[in-house]
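Only one structure is covered here, and it is reproduced in the block below.
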Amino acid sequence: MSDAILVFNAGSSSIKFSVFVADDDTLRLFLDGQIEELFSAPVFTVTGADGRRLAHTAWPQGHPLAHREAVCFVMDYLTQQLGSVRLIGVGHRVVHGGLQFAHPVRVDAAIAAQLAQYVPLAPLHQPHNLAPIHDLLERWPDLPQVACFDTAFHRTNADLEQMFGLPQPMFAQGLRRYGFHGLSYEYIAGVLPRFSARAAAGRTLVLHLGNGASICALRGGCSVATTMGFTAVDGLLMGTRSGSLDPGLVLHLMEQHGMDVRAVQQLLYSESGLLGVSGLSSDMRTLLASDAPRARLAVDLFCYRIRREIGALAAVLGGLDAIVFTAGIGANSPVIRARVLQDAAWLGVDCDAEANAAGGPVISSATSLVDVLSIPTDEEQMIARHTRALVRAVCSQPKEPAAAGPQTTT
Ligand code: ADP
């Protein structure tokens, strides 16, 4: 009988899941799926590792399917489908681990309560990430669960990098730069030695360019700085998020435009970015295919913001050995990669046009002073690995009362 790990990535209106089968030391994707459009017109789809559609269920418009029912639906489906495959643990993507959780943690009711304390730090994501954890604790209390955090990878950042210019006591209260996309960066840092020893050991910028977008500066595979800060709205221009802006602008919007907190939140998270600038779409493929001047402007601003942040982060690192592109845009768009690399030519970056068009992984020319790579990320695989490691660690320990503090994995 094979062992399997289930990975949940629960958002506000969708729950994504993947099942990995543990063959010896590898984790092989078995299937993945999602329930989208919760609360409106839910659709459940499952795809096998070979790309074959395994299941499709659509509920009528207005069906009130919520997270709880969706989790039960997925679990019931998997119970039927997994056959002789034994589920040994469930890993969850959790956006915020605060200062306390610098590593994944096995979740029980007490840890779940601690994670709920971070809801005010990530009100749009944390409650949804935690919902399946609570559901499973209630219905399958013996099934081991592990929380993996988007913030954890950046806990290596120096205090100076994490600080805002606010009164010092606020720093200790948690008003600081946390950084996000940590599971993606951790995955990339883990595979870099396969592609470039220099990128793995040296000063490397990883550009995670998807609907959410950020850059992480790595030194020797550890996070030194990143463009997202207290929240995931900071830094680069994104699909619908504004990225960095002057905090005084928020005050102006509230004072002069009569906007309340909810209205500003809606503007900055859902109506800005590529969508807001283009007035057309948040989807990079649509914008690249369009001749509309505002679509071009949105792409220009996207690339310009990357150019600025590359300069800033190269300064933080004191030079640059490698650039790595990943996520939907980064790993799939030769056009955007070429533009970003052209803008970084002053750093000695030279792109091999043919290799870039072919998708890499190495896309720098032989004469480039900086290694450039394009590597797909795999956050689910990272979560599955952490989950398996923690489940195994606990299983191999003699039975004793549950520890109060977080458990860590290496
Ligand atoms: P998320 O942050 O939601 O995980 P993804 O990493 O899947 O997002 O990235 C989605 C983005 O990637 C979209 O803007 C999409 O247009 C873009 N994208 C995917 N494939 C391509 C491509 N071939 N060329 C340009 N953009 C692409």
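Bear in mind the structure is a predicted one, so any value in this text is a computation, not a measurement.
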For this session: Please name the pair of heavy atoms, one in His92 and one in Val90, separated by the smallest distance, quoted to 0.1 Å.
Result: NE2-CG1, 3.6 Å
For this session: Report the residues that fulfil salt bridge (charged side-chain N to carboxylate O under 4.0 Å, His left out) with Asp343, sequence neighbours left out, ordered by chain and then residue number.
Result: Arg307
Problem set entry | side chain to side chain donor-acceptor pair (under 3.5 Å) partners of Arg93, counting only residues at least two apart | Asp150, Glu379
For this session: Check for a donor-acceptor pair, side chain of Asn129 on one end and backbone N or O of Val95 on the other, with a separation under 3.5 Å.
Result: yes
Exercise. So, the side chain of Ser281 versus the backbone of Asp283: is there a donor-acceptor pair under 3.5 Å, distance only?
Worked result: yes
For this session: State which residues pass side chain to side chain contact (heavy atoms under 4.5 Å, CB included) with Ala358; sequence neighbours excluded, sorted by chain then number.
Result: none
Exercise. Taking Ser333 for the side chain and Ile329 for the main chain, is one N or O donor matched with an acceptor at less than 3.5 Å?
Worked result: no
Exercise. Counting distance only, does the side-chain N/O of Thr326 pair as donor-acceptor with the main-chain N or O of Ala331 below 3.5 Å?
Worked result: no
Exercise. For Arg139, does the CZ atom have more than 12 heavy-atom neighbours from other residues, nucleotides or ligands under 6.0 Å away?
Worked result: yes
For this session: Taking ring-ring contact (aromatic ring centres under 6.0 Å, His included) as the test, write out the residues that go with His134, two or more places apart.
Result: none
Exercise. Are the side chain of Ser365 and the backbone of Ser368 linked by a donor-acceptor contact shorter than 3.5 Å?
Worked result: yes
Exercise. Without hydrogens or angle criteria, can the side chains of Arg262 and Gln265 be said to hold a donor-acceptor pair below 3.5 Å?
Worked result: yes
Exercise. Does any pair with a residue in residues 351-379 pass ring pair (Phe, Tyr, Trp, His ring centres under 6.0 Å), and if so which ones, sequence neighbours excluded?
Worked result: none
Exercise. Under 3.5 Å, is there a donor-acceptor pair linking the side chains of Ser223 and Asn157?
Worked result: yes
Problem set entry | By salt bridge (charged side-chain N to carboxylate O under 4.0 Å, His left out) - contacts of Asp135 (at least two apart) | Arg68
For this session: Check for a donor-acceptor pair, side chain of Asp321 on one end and backbone N or O of Thr204 on the other, with a separation under 3.5 Å.
Result: no
